[in-house]
Amino acid sequence: IMAMRMDFKKTSKQLAQETIEYAGDMDPESRNDFIDLIHDQYQIAKHSETSRGRPKYPKREVNKFAKLLTQLIKKFGN
């Protein structure tokens, strides 16, 4: 049995690159579904608020989703 080692020290840039590579290995229909999922997660992060009306997610995290989504769409379209 081969165990995967989790590397928690990867940068956002490294994780984004791995996500793009992962999407590249998918068939086109699955890739479009995956990009749609990333878009949905971005929208949730962007528009979620606490009960006090403050953003639920830090702006830097929302921006990471936006940047990843932009990179996926530039590379694969959608």
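For reference, positions follow the sequence shown, starting with 1.
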query: For the side chain of Q14 and the backbone of T11, is there at least one donor-acceptor N/O pair under 3.5 Å apart?
result: yes

query: Under a 4.5 Å cut-off applied to non-hydrogen side-chain atoms, are N32 and F76 in contact?
result: no

task: May I ask you to check whether Y57 and F65 place their ring centers less than 6.0 Å from one another?
output: no

query: Rounded to the nearest 0.5 Å, what separation is found between the CD atom of Q41 and the CG atom of L68?
result: 9.5 Å

task: Quick one: pull up OH in Y42 and NZ in K67 and give me the separation to the nearest 0.5 Å.
output: 14.0 Å

statement: CD (E18) and NZ (K13) are apart, to the nearest 0.5 Å, by 13.5 Å

statement: Shortest non-hydrogen pair, K56 vs T50, comes out as CA-CG2, 4.1 Å

- prompt: Quick check: are there more than 12 heavy atoms from other residues, nucleotides or ligands sitting under 6.0 Å from CD of E49?
  reply: yes

- request: Using atom types as modelled and distance alone, determine if a side-chain donor or acceptor of S30 lies under 3.5 Å from a backbone N or O of M26.
  value: no

message: If I compare all heavy atoms of L72 with all of A23, which pair ends up nearest, and what's the gap?
response: CD2-CB, 3.9 Å

query: Does one hydrophobic cluster hold both I44 and I73, with members joined at side-chain heavy-atom distances below 4.5 Å?
result: no

message: I need the minimum non-hydrogen distance between G24 and R31, along with the two atoms involved.
response: O-NH1, 3.6 Å

query: How far apart are the closest heavy atoms of H39 and L69, and which atoms are they?
result: CD2-CD2, 3.6 Å

- prompt: Atom CD in Q71, atom NZ in K75: separation rounded to 0.5 Å?
  reply: 10.5 Å

query: Taking a hydrophobic cluster as the set of Ile, Leu, Val, Met, Phe, Trp and Tyr residues connected by side-chain heavy atoms closer than 4.5 Å, whether directly or through intermediates, do Y22 and I35 fall within one such cluster?
result: yes

